[in-house]
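What follows is one structure encoded as structure tokens, with my remarks underneath.
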Amino acid sequence: MQRVSRRRFMQTVGALSATAATTTLLPRVANAQPAEFTLKYGNNMTDSHPTNIRAKQAADAIRRDTNGRVDLQIFPNSQMGSDSDMISQVRAGALDFTSQGGGLLSPLVPLAGISGLGFAFKDYPQLWSALDGDLGQMIRAAISKAGLVVMDTCWDNGFRHITSSTKPIVTPDDLKGFKIRVPVSPMYVTLFKSLGASPTSINLSEAYSALQTRVVDGHENPLSLIQNLRMYEVQKFCSLTAHMWDGYWFIGNAQTWARLPKDVQAIVSRHLNAAGAAQRADLAKLNVELEKQLTTEGLKFNRPDREPFRAVAQKSGFYADWHKRFGDEAWAVLEKYTGKLA
């Protein structure tokens with residue numbers, strides 16, 4: 001079962017980019033001399049996810065363009081620990097880079113969570129306009145003030161949807177008392193509480209087990225992760241709520257970054273930003289195919305109207321609360337792209 005699923009996923013990714021897929025299959029040629037700078041990058045995605053396919057491409061390009069001076073080593077699939085662990089390790093210098101969503105960064109950088117505000121962005125054009133524009137600039141500045149280096153391009157994780165082992169989520173009433181796994185982030189907890197659900201914060205590496213053992217009845221994630229992490233094995237329904245968007249800021253230890261010569265910094269950042277842009281395109285194409293694939297795996301899909309959910313969140317004070325937390329300046333920049341939220 002596992003072999004078939006992985007092959008199907010890789011075939012889809014390969015159709016998006018033959019070059020990217022080939023990168024995962026070809027062994028790297030060892031440098032004649034050891035690298036001058038060895039950089040460790042950890043993330044929570046499987047090796048076959050477009051994030052790691054593109055990261056490997058970037059690592060090869062960085063090695064080539066620095067003449068072997070930089071070896072970017074990639075540790076996928078939470079090999080370096082949970083998301084929270086990797087953020088702590090980057091801050092301490094035990095890990096050089098990680099890619100983390102704004103919600104997971106928000107305990108350290110509160111403003112980082114603003115891009116994941118529930119039911120804020122209606123589509124990708126609106127979202128990327130904000131994150132490649134003034135809102136993204138404001139978030140990166142806040143991350144930098146926390147003592148981290150951050151790349152310019154935000155990588156995609158996707159709009160998030162609700163899965164369930166018990167029932168489809170059609171209206172806000174279906175969420176009343178619903179036990180749902182959410183990331184370790186205040187934004188997710190407060191959104192689902194405002195909708196009447198019972199959210200439990202669990203790191204992604206432990207989410208499958210929590211669903212399998214019925215600690216929670218459902219979870220929410222982008223389609224790529226539902227497929228890649230095989231959540232369809234322990235869930236029956238997928239409601240395409242698109243209730244939040246999540247993406248990855250590629251962050252690093254500032255002291256490690258400062259030790260790199262300026263020309264090396266330029267090469268590393270150029271290729272990581274290019275990889276992020278390519279990964280966005282990969283996810284956009286992949287999402288078109290994933291609903292069909294997941295249907296064959298047994299998930300039953302439905303498309304709820306988002307507006308009643310947003311109305312409940314607004315009435316409960318969700319937007320007013322987060323407006324106060326983010327402040328008037330950041331909220332005004334957000335609404336420049338989303339329109340009036342509250």
Side-chain angles (χ1 to χ4, degrees), residues 1 5 8-9 12 101 103 116-127 156-183 187-200 202 204 207-208 210-247 283-316 318 338 341:
M1 178 69 177
S5 178
R8 183 177 299 158
F9 185 83
T12 303
L117 191 72
F119 301 101
F121 294 100
K122 64 180 182 179
D123 54 31
Y124 273 115
Q126 188 183 66
L127 171 75
D156 192 18
N157 190 19
F159 282 93
R160 304 176 75 94
H161 310 290
I162 299 172
T163 70
S164 168
S165 62
T166 57
K167 61 184 177 180
I169 304 302
V170 180
T171 71
D173 284 343
D174 293 320
L175 285 173
K176 290 182 178 179
F178 184 70
K179 295 186 295 181
I180 184 168
R181 174 268 170 186
V182 297
M187 176 76 75
Y188 292 81
V189 173
T190 57
L191 174 64
F192 281 97
K193 281 187 175 180
S194 78
L195 296 171
S198 179
T200 300
I202 300 172
L204 185 62
Y208 184 100
L211 293 168
Q212 186 178 42
T213 58
R214 297 296 181 90
V215 171
V216 289
D217 295 319
H219 97 308
E220 49 78 61
N221 249 321
L223 292 182
S224 62
L225 283 185
I226 294 170
Q227 164 73 16
N228 209 222
L229 299 177
R230 304 173 63 83
M231 297 302 191
Y232 54 81
E233 294 180 343
V234 288
Q235 298 283 268
K236 295 180 181 179
F237 305 98
C238 183
S239 302
L240 297 173
T241 49
H243 53 274
M244 302 172 84
W245 173 84
D246 185 29
L283 262 292
K285 294 175 182 176
L286 184 59
N287 282 335
V288 174
E289 302 295 329
L290 282 175
E291 183 178 346
K292 183 183 301 183
Q293 289 187 21
L294 288 165
T295 297
T296 66
E297 299 290 356
L299 270 187
K300 298 179 181 178
F301 284 84
N302 67 290
R303 285 177 166 76
D305 182 357
R306 298 169 77 239
E307 287 307 311
F309 293 85
R310 181 171 174 171
V312 170
Q314 185 178 47
K315 186 176 180 180
S316 72
F318 173 76
T338 64
L341 293 169

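More than 12 heavy atoms of other residues, nucleotides or ligands sit less than 6.0 Å from atom NZ of Lys167.
Residues His161 and Leu223 meet the side-chain proximity criterion, which asks for heavy atoms closer than 4.5 Å. By the 4.5 Å heavy-atom criterion applied to side chains, Leu117 and Phe318 are counted as neighbours. A 4.5 Å side-chain heavy-atom check between Phe301 and Leu294 finds at least one atom pair inside the cut-off. Taking the side chain as every heavy atom from C-beta outward, Arg214 and Ser165 approach each other to under 4.5 Å. A 4.5 Å side-chain heavy-atom check between Pro222 and Asn287 finds every atom pair outside the cut-off.
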Stepwise side chain to side chain donor-acceptor pair (under 3.5 Å) test for Ser164 and Thr166: CA-CA 5 Å; Ser164 168; Thr166 57; 3.1 Å; yes
From CA spacing to verdict: side-chain contact (heavy atoms from CB on, under 4.5 Å), Leu204, Leu229: CA-CA 10 Å; Leu204 185 62; Leu229 299 177; 3.7 Å; yes
Working for side-chain contact (heavy atoms from CB on, under 4.5 Å), residues Asn221 and Arg181: CA-CA 10 Å; Asn221 249 321; Arg181 174 268 170 186; 3.9 Å; yes
Audit row: His219, Gln235, side-chain contact (heavy atoms from CB on, under 4.5 Å) steps and yes/no: CA-CA 9 Å; His219 97 308; Gln235 298 283 268; 4.3 Å; yes
Stepwise side-chain contact (heavy atoms from CB on, under 4.5 Å) check, Leu240 with Glu291: CA-CA 10 Å; Leu240 297 173; Glu291 183 178 346; 3.9 Å; yes
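Nearest heavy-atom pair, His243 versus Ile162, reported as atom, atom and distance to 0.1 Å: CE1-CG1, 3.7 Å. Closest approach of Pro304 to Val170, counting heavy atoms only: CB-O, 3.5 Å. Nearest heavy atoms, Ser316 versus Ser194: OG-CB, 3.1 Å. Residues Ala210 and Ile202 approach most closely at CB-CD1, 3.6 Å, considering heavy atoms. Shortest non-hydrogen contact noted between Val182 and Val189 is CG2-CG2, 4.0 Å. Scanning all heavy atoms of the two residues, the minimum distance from Pro183 to Glu220 falls at CD-OE2, 3.3 Å.
One N or O on the side chain of Arg306 and one on the backbone of Thr241 form a donor-acceptor pair closer than 3.5 Å. The closest donor-acceptor contact from the side chain of Arg160 to the backbone of Met244 lies at 3.5 Å or more, if one exists at all. Between the Asn302 side chain and the Ile169 main chain, a donor and an acceptor come within less than 3.5 Å of each other.
For the atom pair Arg310 CZ and Lys122 NZ, the distance stands at 10.5 Å (nearest 0.5 Å). Atoms NZ and OG, from Lys176 and Ser198 in turn, are 14.5 Å apart once rounded to the nearest 0.5 Å. With rounding to the nearest 0.5 Å, the separation of NZ in Lys300 from OG in Ser239 is 12.5 Å. Going from atom CG of Leu290 over to atom CD of Gln293 covers 5.5 Å, rounded to the nearest 0.5 Å. One finds the CD atom of Gln212 at 8.5 Å from the CD atom of Glu233 (value rounded to the nearest 0.5 Å). Going from atom CZ of Phe121 over to atom CG of Leu341 covers 8.5 Å, rounded to the nearest 0.5 Å.
Below 30°, between 30° and 60°, or above 60°: for Phe119 and Phe309 the angle between ring planes is below 30°, a parallel geometry.
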